[in-house]
Amino acid sequence: MNEGLASQTIKAIDTYTINEVGIPSLVLMERAALAITEELLRSESGSAASFAVICGTGNNGGDGLAIGRILHQAGKTVDIYLVGNVEKASDECRKQLRIAKNLGLSIEFFDESTEAFHADVVLDALFGIGLDRDVEEPHKTAIERINRSHGQIVAVDVPSGLSADTGGALGTAVKADTTLTIGFMKKGFSTKEAKPYIGKLKVMAIGYPDSSLLKDIIKKEQAND
Ligand SMILES: NC(=O)C1=CN([C@@H]2O[C@H](COP(=O)(O)OP(=O)(O)OC[C@H]3O[C@@H](n4cnc5c(N)ncnc54)[C@H](O)[C@@H]3O)[C@@H](O)[C@H]2O)[C@@H](O)CC1
Ligand SMILES: [K+]
């Protein structure tokens with residue numbers, strides 16, 4: 001599967017894993033957050049003291065909130081910035097937000113007045129495979145603030161603004177030093193135009209069924225492609 005999967009295939013695998021296999025969505029999210037946090041603490045960012053987590057209101061944002069909470073519990077200084085309308089947040093994002101608040105994490109609502117992100121590591125958890133149109137405000141400014149920050153930039157699943165299917169930037173995109181992608185390589189990651197946005201790439205296993213169980217889904221989705 002090293003040529004990468006389309007986002008619709010990954011969504012079909014998600015649905016199969018949650019509904020047929022029975023691994024709850026929140027468990028997959030927690031597995032993703034744990035895998036990414038462990039990788040952060042194992043890599044050069046492990047010596048970093050401060051982390052800024054820039055969260056959207058979908059499940060990518062939910063990943064970011066869970067990662068921020070686990071880093072906080074590991075004794076790191078964590079600042080969480082929420083971008084977008086929380087009323088429209090996905091169920092999982094909302095649940096992660098409640099947990100982070102209950103554990104006393106610092107959570108700010110991002111707006112244009114947020115000058116820059118001052119942290120050793122800036123985590124991009126704005127959008128993942130759900131990005132399906134050009135980036136608008138306030139996400140556009142948030143992405144520019146991420147790209148201007150001096151910290152090490154790590155993208156959660158997909159550099160926000162990049163299409164996981166074409167590898168093209170939808171208006172603007174995060175230029176990550178490292179992308180920690182969840183479960184599977186994405187089809188768009190192998191294009192040369194994607195390279196400057198992805199940086200170093202690592203696929204994080206989070207407990208999806210192995211490819212022998214997924215081959216029918218993949219074949220069916222690729223037939224619809
Ligand atoms: N349980 C699961 O399904 C898991 C999902 N995971 C995470 O979930 C992500 C996918 O989550 P979502 O499908 O919620 O989507 P995203 O979190 O990628 O995007 C959030 C929402 O933004 C909206 N959107 C799309 N383009 C936009 C634009 N240009 N401007 C403003 N809003 C825009 C869409 O409605 C989308 O639902 C993955 O990338 C991954 O990070 C992981 O936690 C693994 C498990
Ligand atoms: K992201």
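Please read all numbers here as calculations on a predicted model, not as lab measurements. Counting begins at 1 with the first residue of the sequence. Remember, it's 1-based here, ligands and their atoms both numbered in the order they're listed.
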Are the side chain of Asp120 and the backbone of Gly151 linked by a donor-acceptor contact shorter than 3.5 Å? no
With heavy atoms of Asp132 as the reference, note each atom of ligand 1 found under 4.0 Å away. 25 (C), 26 (N)
Atoms of ligand 1, numbered as shown, that sit under 4.0 Å from any heavy atom of Gly128: 16 (P), 18 (O), 39 (O)
Salt bridge between Glu87 and Arg94, side-chain N to carboxylate O under 4.0 Å? no
Of all the atoms in ligand 1, which lie at a distance below 4.0 Å from a heavy atom belonging to Leu28? 45 (C)
Nearest protein heavy-atom contact for atom 36 (C) of ligand 1: which residue, which atom, what distance? Gly130 O, 3.9 Å
Does Ala173 offer a backbone N or O that forms a donor-acceptor pair with the side chain of Asn147 under 3.5 Å? yes
Charged N to carboxylate O below 4.0 Å: is that the case for Lys187 and Glu3? no
What protein heavy atom is closest to atom 10 (C) of ligand 1, reported as residue, atom name and distance in Å? Ile129 CG1, 3.8 Å
Tell me the angle that O of Val156 and OG of Ser160 form around the K ion (ligand 2), rounded to 10°. 170°
Steps toward side-chain contact (heavy atoms from CB on, under 4.5 Å) verdict (Thr141, Arg145): CA-CA 6 Å; Thr141 299; Arg145 293 273 190 284; 3.6 Å; yes
I'd like to know if the K ion (ligand 2) has an N/O/S atom from Phe127 within less than 3.4 Å of it, counting both backbone and side-chain atoms. yes
Need the ligand 1 atom indices (1-based, order shown) with element for anything under 4.0 Å from a heavy-atom of Asp134. 29 (N)
Residue among Val122, Val154, Ile143 satisfying side chain to side chain contact (heavy atoms under 4.5 Å, CB included) with Val174: Ile143
Given Arg133, Glu136, Glu92, Lys11, which one has a non-hydrogen atom that is nearest to atom 24 (N) of ligand 1? Arg133
In plain terms, say whether Lys186 and Asp157 are close enough for a salt bridge, that is, a side-chain N and a carboxylate O under 4.0 Å apart. yes
Glu112 and Lys140: salt bridge (charged side-chain N to carboxylate O under 4.0 Å, His left out), yes or no, with the steps? CA-CA 10 Å; Glu112 281 69 17; Lys140 206 172 165 71; over 6 Å; no
Do side-chain atoms of Asp124 reach the backbone of Pro159 as a donor and acceptor pair under 3.5 angstrom? no
How far is atom 9 (C) of ligand 1 from its nearest protein heavy atom, and which residue and atom is that? Asn60 N, 3.7 Å
Neighbour count >12 (heavy atoms, 6.0 Å) for atom CZ, Arg98: no
Take atom 21 (C) of ligand 1 and look for protein heavy atoms under 4.0 Å from it; say yes if you find one, no if not. no
Using only N, O or S atoms, tell me which atom of Asp124 is closest to the K ion (ligand 2). O
Under a 3.5 Å cutoff, is there a donor and acceptor pairing between the side chains of Thr179 and Thr181? no
Suppose we only count N/O/S atoms under 3.4 Å; would Ala155 qualify as near the K ion (ligand 2)? no
Considering non-hydrogen atoms of the protein only, which is the closest contact for atom 43 (O) of ligand 1, and what is the distance? Asp63 OD1, 2.5 Å
Is there a donor-acceptor contact under 3.5 Å from the side chain of Asp165 to the main chain of Ala6? no
Nearest protein heavy atom with distance in Å, relative to atom 38 (C) of ligand 1: Asp157 OD2, 3.3 Å
Would you indicate which of Asp91, Ile13, Asp14 comes nearest to atom 5 (C) of ligand 1 when only heavy atoms are counted? Asp14
Nearest to atom 30 (N) of ligand 1, what protein heavy atom do you find, and at what distance? Phe127 CZ, 3.7 Å
Will you find, in the side chains of Ser212 and Asp210, an N or O donor that is under 3.5 Å from an N or O acceptor? yes
Considering only heavy atoms of Tyr208, which atoms of ligand 1 have at least one such atom less than 4.0 Å away? 44 (C), 45 (C)
Can we say Glu92 and Lys95 salt-bridge, meaning some charged N sits less than 4.0 Å from an Asp/Glu carboxylate O? yes
Distance filter under 4.0 Å to Val135 heavy atoms, resulting ligand 1 atoms: 29 (N)
Numbering the atoms of ligand 1 from 1, which are under 4.0 Å from a heavy atom of Ser25? 1 (N), 2 (C)
Val158 near ligand 1 by a heavy-atom separation under 4.0 Å: no
Nearest-contact summary for atom 8 (O) of ligand 1 - protein heavy atom, Å: Asn59 CB, 3.0 Å
Among all the protein's heavy atoms, is there at least one whose distance to atom 16 (P) of ligand 1 comes out below 4.0 Å? yes
